[in-house]
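Structure, as structure tokens:
Order of the sequence lines fixes the chain letters, A, B, ..., with proteins taken first and strands second; residue numbering starts at 1 for each chain.
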Protein chains: 2
Amino acid sequence: MLSELKPTRVEDAYLRLKDEILQNRMPPGFQAPEPEIALHLGMSRTPVREALIRLENEGLVRLIPRRGALVLPVSAGDMREIYEILTALEPEAAASLARKKPDAGSLQELEAITLAMESALANGDLDAWADADDRFHRKLLAMHANNRMTNFVNTLFDQVHRARMTTLRLRKPPEQSTREHREILDHIIAGDVEKARKSFRAHRERAADELLSILESYRLPAL
Amino acid sequence: MLSELKPTRVEDAYLRLKDEILQNRMPPGFQAPEPEIALHLGMSRTPVREALIRLENEGLVRLIPRRGALVLPVSAGDMREIYEILTALEPEAAASLARKKPDAGSLQELEAITLAMESALANGDLDAWADADDRFHRKLLAMHANNRMTNFVNTLFDQVHRARMTTLRLRKPPEQSTREHREILDHIIAGDVEKARKSFRAHRERAADELLSILESYRLPAL
DNA sequence: CCTTCAAACAATGCATACATTAATGCATGA
DNA sequence: TCATGCATTAATGTATGCATTGTTTGAAGG
């Protein structure tokens with residue numbers, strides 16, 4: 001209904017480039033001038049330029065005057081920034097959800113995602129686990145219905161996506177994270193505002209610590 | 001040093017348009033097609049387009065396919081979204097500042113801004129008061145050194161700017177806000193993390209309530 | 001007088017053109 | 001060999017051109 005009636009080239013360029021970046025096919029450090037990207041995408045510079053500006057706003061790319069677009073690495077410092085924001089915002093969203101009892105359908109969906117995460121963990125399917133993790137966080141945000149918050153946080157998720165994917169296999173199975181998701185969901189369902197907030201906050205703080213310590217122990221200054 | 005070595009037209013268009021919007025010379029609801037804006041700014045459509053895209057990302061404008069750029073009003077719902085985010089983020093920044101004791105120079109500056117606010121209140125100079133208020137919030141953010149947070153929150157400040165300016169004169173002198181700023185500053189200086197957080201949170205929650213109730217009592221659905 | 005339809009108009013999305021200017025490479029000279 | 005400077009190359013920033021398509025106007029018909 002509200003979807004693009006007219007698929008525009010800018011949109012196409014944006015989506016394709018973003019995908020290449022997130023899937024690490026255009027890894028951090030990759031650099032290319034506009035004409036080259038335009039050629040690669042089979043369109044003129046104009047829509048490419050607009051797509052790049054958008055990607056720059058979202059923190060995935062930097063446009064350097066005579067050198068083209070640079071795919072940005074995400075440093076430990078970036079992670080700290082990002083996780084600090086997530087730690088402040090997501091628990092607020094969870095608390096608000098606990099307060100205003102979401103509709104059954106949405107809760108149902110969150111439940112399904114949580115189950116998917118639990119079974120992925122049981123099966124040792126890390127990709128499925130990461131996918132469920134991502135979906136849980138995004139769904140929760142979407143349910144909260146603060147569009148500005150949702151959009152912003154989603155760009156942060158995108159920024160850390162690569163880092164999460166690579167660290168995923170450098171650590172123990174994410175049992176604790178899985179338990180925490182279940183716990184958060186329970187608190188929301190129970191309508192316990194403060195516990196929902198606290199749990200989520202703890203979840204984020206632990207995740208941040210874990211991620212940063214992995215980066216440190218593997219000497220990964222950036223991803 | 002880091003300033004624009006090359007003032008570009010995009011930048012110029014962006015700054016001028018943003019200024020017109022914030023100063024209410026292009027009021028909410030104002031609408032104009034790209035060619036008209038380009039003419040007004042004395043340049044071609046290309047840089048105007050890029051500037052408009054940027055303003056759209058920042059939530060000041062909406063680009064409607066065949067009708068041009070529309071200066072967005074800020075509704076009560078928008079306010080709620082924005083203040084919810086501010087309520088989550090700013091107290092975090094304040095708490096973090098209290099924790100890691102900022103350098104004397106910065107504190108000095110915050111102190112000066114707070115004094116300016118207090119004297120503006122005493123003199124009944126509302127414009128000076130609003131300016132000090134804005135500077136306090138922005139300075140505090142800047143001191144916290146989380147660029148993503150700073151940039152994002154600054155765009156939110158911009159979005160509510162008009163609303164704040166008009167409600168400024170529809171209410172009692174902002175004595176409480178002034179006291180709260182002082183209080184927050186004291187807690188930061190004292191290094192009391194929890195009190196800094198709590199005070200700031202209360203400050204924001206009260207401000208949001210106040211603003212929304214003014215909108216309601218004056219029947220202003222949007223600004 | 002109101003509705004309907006078509007033709008004219010106009011704005012966008014995109015491609016292309018072009019001037020400016022930084023980066024690069026090469027030749028020259030120490 | 002290495003530094004210096006000039007010529008070449010190429011990327012950006014901006015302007016312009018153009019096809020598509022939504023909007024509007026006005027005339028004809030009910």
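The side chain of B:Met43 sits closest to D:dA15 out of C:dT12, D:dA15, C:dA15. For B:Arg49, counting side-chain heavy atoms from C-beta on, the closest listed nucleotide (D:dA15, D:dG13, C:dG13) is C:dG13. Distances were taken from every side-chain heavy atom of B:Ser44 (C-beta onward) to each of D:dA15, C:dC14, D:dA11; the shortest belongs to D:dA15.
For the pair A:Asp12 CG and C:dA15 C1', the interatomic distance rounds to 16 Å; values are reported in whole Å. Atom CD1 of A:Ile64 is separated from atom P of C:dA23 by 11 Å (rounded to the nearest Å). The interatomic distance linking A:Ile53 (CD1) with D:dG13 (P) rounds to 9 Å, in whole Å. We find that CD of A:Glu50 is positioned 15 Å from P of D:dT12, with the value rounded to whole Å. Atom CG in B:Leu70 sits about 16 Å away from atom P in C:dA11, given to the nearest Å. The distance between atom CG of A:Leu52 and atom P of C:dC14, rounded to the nearest whole Å, is 14 Å. Here D:dT12 presents its P atom at 12 Å from CD of A:Glu56, a figure rounded to the nearest Å. Atom CD in B:Glu34 sits roughly 12 Å away from atom C1' in C:dC14 (whole-Å rounding).
At a threshold of 4.0 angstrom between heavy atoms, the contacts of B:Arg67 are confined to the sugar-phosphate backbone, with no base atom among them.
At a cut-off of 3.5 Å, with distance as the only test, a side-chain donor of B:Ser96 or B:His144 sits close to an acceptor on the other residue.
Looking at A:Arg206 and A:Glu180, their side chains come closer than 4.5 Å, going by heavy atoms from C-beta outward. Residues A:Glu58 and A:Lys18 are in side-chain contact: their nearest non-hydrogen atoms beyond the backbone lie under 4.5 Å apart. Put simply, the side chain of B:Val48 does not reach to within 4.5 Å of the side chain of B:Pro35, judged on heavy atoms.
Panel note: side chain A:Glu50, backbone A:Val10; no donor-acceptor pair is recorded below 3.5 Å.
The base of C:dA22 has none of its N or O atoms less than 3.5 Å from a complementary donor or acceptor on the side chain of A:Arg66.
A sub-4.0 Å separation between OP1 or OP2 of C:dA15 and a side-chain N or O of A:Arg45 is absent.
Judged by closest nucleotide on DNA chain C, B:Glu36 is the one of A:Arg9 and B:Glu36 placed further toward the 5' end. Residues B:Thr46 and B:Ala32 both approach DNA chain C. Their nearest nucleotides, taken by heavy-atom distance, put B:Ala32 toward the 5′ side.
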